[in-house]
Protein chains: 2
Amino acid sequence: MLAPDMVQLDMTGPFEVLARVPGWSVSLVAATLDPVRTDRGLRIVPDTTRESAAVADLLVVPGGAGVDSAMLDTAWIDFVRRQADSAEHVFGICTGSLLLGAAGLLQGRRAGGHWQARDLLTRFGAIPSDARVTVDGKYYTSGGVTSGIDVALRVVADLEGEVAARKIQLAIEYDPHPPFPGGTPSTSPAEVVRAVQADARARRAQREDMVAQAAERLRQP
Amino acid sequence: MLAPDMVQLDMTGPFEVLARVPGWSVSLVAATLDPVRTDRGLRIVPDTTRESAAVADLLVVPGGAGVDSAMLDTAWIDFVRRQADSAEHVFGICTGSLLLGAAGLLQGRRAGGHWQARDLLTRFGAIPSDARVTVDGKYYTSGGVTSGIDVALRVVADLEGEVAARKIQLAIEYDPHPPFPGGTPSTSPAEVVRAVQADARARRAQREDMVAQAAERLRQP
């Protein structure tokens, strides 16, 4: 799915993996057919709308501020519930797992999410996981942004076999060497963690508020 | 730059990093303002055209089949030469380094590229590098697809300091755990390497032909 102000790499990372599986096709679903402006300005053209979207085998829900707003949008909640109900596998990338939670799909399940947001999953009855890839039944959830690539390779391995996944991993030369150790709060210097948290303070407060509202709606629909 | 049939993650990976640097802005340049269809169907809306693009501090050249075609397109060659001339830093991601080579920018320089194409850099007088990130003067070149994320973090560290790069690395939770060892020919099982090479045989032949033509033009402009 594509929502305004989503994080584009939450979707484009998994897209690159999933679209390379022989026989699979990826369809980008949005509210309308107009280009969707993601949070840092990249604009992506949807393939179809929520109303016209075919029933998918695999639903991918990215994260970001726009996906927080979708928690309070019944058109998105209905779409996610309907697609997740018939999908064989459901992805929540980064804070996308919050939308799955808001749709009532993660109750009693283990689920991951961006390290700055995953604690909020408890508000939807989920059990937060710190793992980069968390699988609970048909729900595949990930940590922040870039972990969508890892979770996509994992689902390809589970559905199409290890050789299929390894071929894609080699084709996209996914042998990452981040320039620094880090990438998680526990492996980053304390000053870096504090700086990222400070930058995101307003965003976090807004997200807490939206999660609280979405959780209330889930209790009293 | 955006070219039809490029590999979208070559651009969207670095985009996610570069667009997060305070004070930096990213502009997507294409031949026209129409959405650009990338090789697996994702459509991206350009911000500007080659003619209207501002002089950039940093030029990012992604790879893929469409960028091979750009090697034989004087409008792209002229654009890349002009922008590279004034840019402080130039990125070639994946097979994007071939376009830099075709523009005559890598003569005598060390440069990386996708493992299935980097040997062709010799045709443009460059010295192929197997490293995931290769820096030679202002030219930052990378291995295949996903390595664009690593090279983007590296340039942020070089220009804005290590803390700025580590903040972005943590914000996008870039602590990758590919599901399998691999991602390079030397770390993947031989059957996987052979399968990927077999799938790409026609593409490779086409690319060799285009590189030969582009190299000929470079010798006799």
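Convention: sequence-line order gives letters A, B, ...; per-chain numbering from 1.
Looking at B/R37, there are no atoms closer than 4.5 Å to chain A (heavy atoms on both sides), in backbone or side chain. For B/P185, the parts lying near chain A are the backbone and the side chain together; criterion is any non-hydrogen pair under 4.5 Å. Of the two parts of B/R132, only the side chain, counted from C-beta on, holds a non-hydrogen atom closer than 4.5 Å to a non-hydrogen atom of chain A. Contacts of B/L28 with chain A are made by side-chain atoms alone, with heavy-atom separations under 4.5 Å and no backbone atom involved. Looking at B/D47, the atoms closer than 4.5 Å to chain A (heavy atoms on both sides) sit in the backbone and in the side chain alike. B/E162 touches chain A through backbone and side chain together, each having a heavy atom under 4.5 Å away. For B/V193, the parts lying near chain A are the backbone and the side chain together; criterion is any non-hydrogen pair under 4.5 Å.
Taking CZ from B/F180 and CD1 from A/I168, the interatomic distance works out to 10.5 Å, rounded to the nearest 0.5 Å. One finds the CG atom of B/L170 at 7.0 Å from the CD atom of A/Q116 (value rounded to the nearest 0.5 Å). Here OH of A/Y174 is found 7.0 Å from OG1 of B/T146. Values are rounded to the nearest 0.5 Å.
Minimum heavy-atom separation, A/P189 to B/R166: CD-NH2, 3.4 Å. The two residues A/Q8 and B/T12 have their closest heavy-atom pair at NE2-O, 2.9 Å.
A 4.5 Å side-chain heavy-atom check between A/V26 and B/R40 finds every atom pair outside the cut-off. A/V7 is not listed as a side-chain neighbour of B/I172, based on a closest heavy-atom distance of 4.5 Å or more.
Of all the listed residues (B/R154, B/H114, B/E191), the one sharing the greatest number of non-hydrogen pairs under 4.5 Å with chain A is B/H114. Between chain A and the residues B/P179, B/P181, B/P178, B/A171, the most heavy-atom pairs under 4.5 angstrom are made by B/P178. Ranking A/I44, A/D39, A/D10, A/V36 against chain B, the residue ahead of the rest is A/I44, based on heavy-atom pairs under 4.5 Å. Most heavy-atom pairs under 4.5 Å with chain B: of the set A/D150, A/T38, A/V151, this distinction falls to A/D150. Ranking A/A200, A/P35, A/G143 against chain B, the residue ahead of the rest is A/G143, based on heavy-atom pairs under 4.5 Å.
Between the side chain of A/H177 and the main chain of B/S147, no donor-acceptor pair closer than 3.5 Å is present. At distances below 3.5 Å, at least one donor-acceptor pair connects side-chain atoms of B/R43 with backbone N or O atoms of A/P46. Between the side chain of B/D175 and the backbone N or O of A/T184, no donor-acceptor pair lies under 3.5 Å.
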Checking side chain to side chain contact (heavy atoms under 4.5 Å, CB included) for the pair A/M11/B/L42: CA distance, chi angles, key distance, verdict? CA-CA 11 Å; A/M11 186 282 290; B/L42 185 82; 3.8 Å; yes

How far apart are the C-alpha atoms of A/V17 and B/L9, what are their side-chain angles, what is the distance that settles it, and do they pass the side chain to side chain contact (heavy atoms under 4.5 Å, CB included) test? CA-CA 10 Å; A/V17 173; B/L9 191 58; over 6 Å; no

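Classification of A/R118 and B/E173 as a salt-bridged pair holds, one side-chain N sitting under 4.0 Å from a carboxylate O.
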